[in-house]
Protein chains: 2
Amino acid sequence: MTDKEKFLGEFEHVLLLALLRLGQDAYGAKIRTLLKETIERDVSIGALYATLERLESKGLIGSFMGESTPERGGRAKRYFEVKAKGKLALKRSRGAIDLMWQGVSLSCEC
Amino acid sequence: MTDKEKFLGEFEHVLLLALLRLGQDAYGAKIRTLLKETIERDVSIGALYATLERLESKGLIGSFMGESTPERGGRAKRYFEVKAKGKLALKRSRGAIDLMWQGVSLSCEC
DNA sequence: TATGTTTAATCTACAATATAGAATATATAA
DNA sequence: TTATATATTCTATATTGTAGATTAAACATA
């Protein structure tokens with residue numbers, strides 16, 4: 001099959017990057033905090049997982065359950081990681097945006 | 001009011017850039033062709049106008065009908081232009097993406 | 001071992017964005 | 001007055017984005 005490559009939604013794009021940045025430590029709450037702190041995007045846990053789930057079902061990321069031995073109690077974490085296919089999608093997406101920005105300058109009015 | 005700034009969808013982002021690049025000549029078919037040629041994104045006219053419409057209703061772009069005097073026949077064109085608010089949104093969006101990309105390198109595997 | 005507290009993930013429902021293709025409008029040419 | 005060309009509008013649906021309540025699993029301690 002032709003593997004009709006779709007484009008990433010913006011939130012998907014940003015989420016993939018969050019996973020890459022967090023590396024070993026990419027799980028729900030951590031991701032949420034990162035997004036909040038770096039780009040002030042304040043998303044709910046539900047929104048977060050829904051998109052992660054979708055990304056996984058598209059094969060762009062993978063996930064696995066971590067050790068169930070937290071310090072003070074609490075359920076085990078589910079860690080996420082970007083797969084090769086996800087990295088490729090990121091490259092494409094970024095590439096397209098960069099191409100479109102070529103020659104555009106917003107230096108002035110706004 | 002706090003003017004809760006939303007994020008641009010990816011297609012919205014790309015469309016705004018297309019308008020900026022086309023300048024005076026930004027109307028349906030032309031936009032569609034540009035997208036096809038620069039980033040190989042082959043979108044239908046319907047999809048295109050639907051998004052332009054949304055962008056306009058959000059106040060990010062404006063539009064006006066052009067001269068109804070084409071060479072060989074055909075309906076008058078509707079031209080689009082990016083407003084200051086649209087430029088601002090672009091800046092924000094681009095800024096967020098750039099921030100998230102900081103420190104991320106995809107040099108290798110994919 | 002029951003009950004509370006903590007941390008985290010899943011579920012449910014809905015809103016916004018993306019997308020296509022048919023239908024319609026308007027102009028010119030024959 | 002009909003055909004042809006160019007362009008926009010309409011209608012319908014799929015995919016993404018979003019929130020908040022609910023459930024799960026661990027630990028502490030009475």
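Not measured: the values here are computed from a predicted model. Naming convention: chains lettered A, B, ... in sequence-line order (proteins, then strands); numbering from 1 in each chain.
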Could you state whether A/Phe64 and A/Tyr27 fall into the same hydrophobic cluster, counting links through intermediate Ile, Leu, Val, Met, Phe, Trp or Tyr residues with side-chain heavy atoms under 4.5 angstrom apart?
yes
Go through A/Lys58 and A/Glu53 one step at a time and tell me if the salt bridge (Lys or Arg N to Asp or Glu O under 4.0 Å) criterion holds.
CA-CA 9 Å; A/Lys58 289 197 277 184; A/Glu53 210 67 59; over 6 Å; no
Separation of atom CG in B/Leu16 from atom P in C/dA18, rounded to whole Å:
10 Å
When you match A/Phe80 and A/Ala50 each to their closest nucleotide on DNA chain C, which lands nearer the 5' end?
A/Phe80
Using heavy atoms and a sub-4.0 Å distance, could you list which residues of residues 17-39 of chain A are near DNA chain D? By number, please.
none
Does C/dT28 have its OP1 or OP2 closer than 4.0 Å to a side-chain nitrogen or oxygen of B/Arg75?
no
Nearest-angstrom distance from the residue atom CD of B/Glu53 to P of D/dT11
13 Å
Scan B/Gly46 against the nucleic acid and name what it touches under 4.0 Å (heavy atoms): base, sugar-phosphate only, or nothing.
base
Which nucleotide in the list D/dT18, D/dT16, C/dA18 gets nearest to the side chain of B/Arg54?
C/dA18
Without decimals, in angstroms, what is the distance between B/Phe11 CZ and D/dG17 P?
15 Å
Whole-Å distance, A/Leu52 CG to D/dT16 C1', equals 13 Å
Does the Lys NZ or Arg CZ of B/Arg41 fall within the cation-pi geometry relative to A/Phe7 - under 6.0 Å from the ring centre and within 45° of the axis?
yes
Nucleotide nearest A/Glu12 (side chain, heavy atoms from C-beta), chosen from D/dA19, D/dT16, C/dA8:
D/dT16
Could you state the atom-to-atom distance from CG of B/Leu55 to P of C/dA16 in whole Å?
15 Å
Tell me the interatomic distance from B/Ile61, atom CD1, to C/dT17, atom P, rounded to whole angstroms.
13 Å
B/Lys58 side chain N/O closer than 4.0 Å to the phosphate oxygens (OP1, OP2) of C/dT17?
yes
Hey, does A/Leu48 reach any base, or is it just sugar-phosphate, or nothing, if we go heavy atoms under 4.0 Å?
nothing
Tell me whether the count of non-hydrogen atoms from other residues, nucleotides or ligands lying under 6.0 Å of NZ in B/Lys83 goes above 12.
no
Please determine, for the side chain of A/Ser44, which listed nucleotide (C/dT10, C/dA20, D/dT18) has the closest atom?
D/dT18
d(NE2, A/His13; P, D/dG17) in whole Å:
12 Å
Do A/Tyr79 and A/Leu22 belong to the same hydrophobic cluster, where Ile, Leu, Val, Met, Phe, Trp and Tyr are linked whenever their side-chain heavy atoms lie under 4.5 Å apart, directly or via other members?
no
Identify the residue among B/Leu55, B/Leu20, B/Leu60 that makes a side-chain contact (heavy atoms from CB on, under 4.5 Å) with B/Val82.
B/Leu20
What is the distance, to the nearest angstrom, from the CD atom on B/Glu10 to the P atom on D/dT15?
17 Å
Side chain of A/Ile45 (C-beta onward), nearest among D/dT18, D/dA21, C/dA20
D/dA21
Test side chain to side chain donor-acceptor pair (under 3.5 Å) applied to B/Ser93 and A/Glu10, step by step:
CA-CA 9 Å; B/Ser93 207; A/Glu10 189 179 68; 2.7 Å; yes
Honestly curious: do B/Ile97 and A/Ile39 fall in one hydrophobic cluster under the side-chain, below-4.5 Å linking rule?
yes
Side-chain N or O of B/Arg41 closer than 4.0 Å to phosphate OP1/OP2 of C/dA18
no
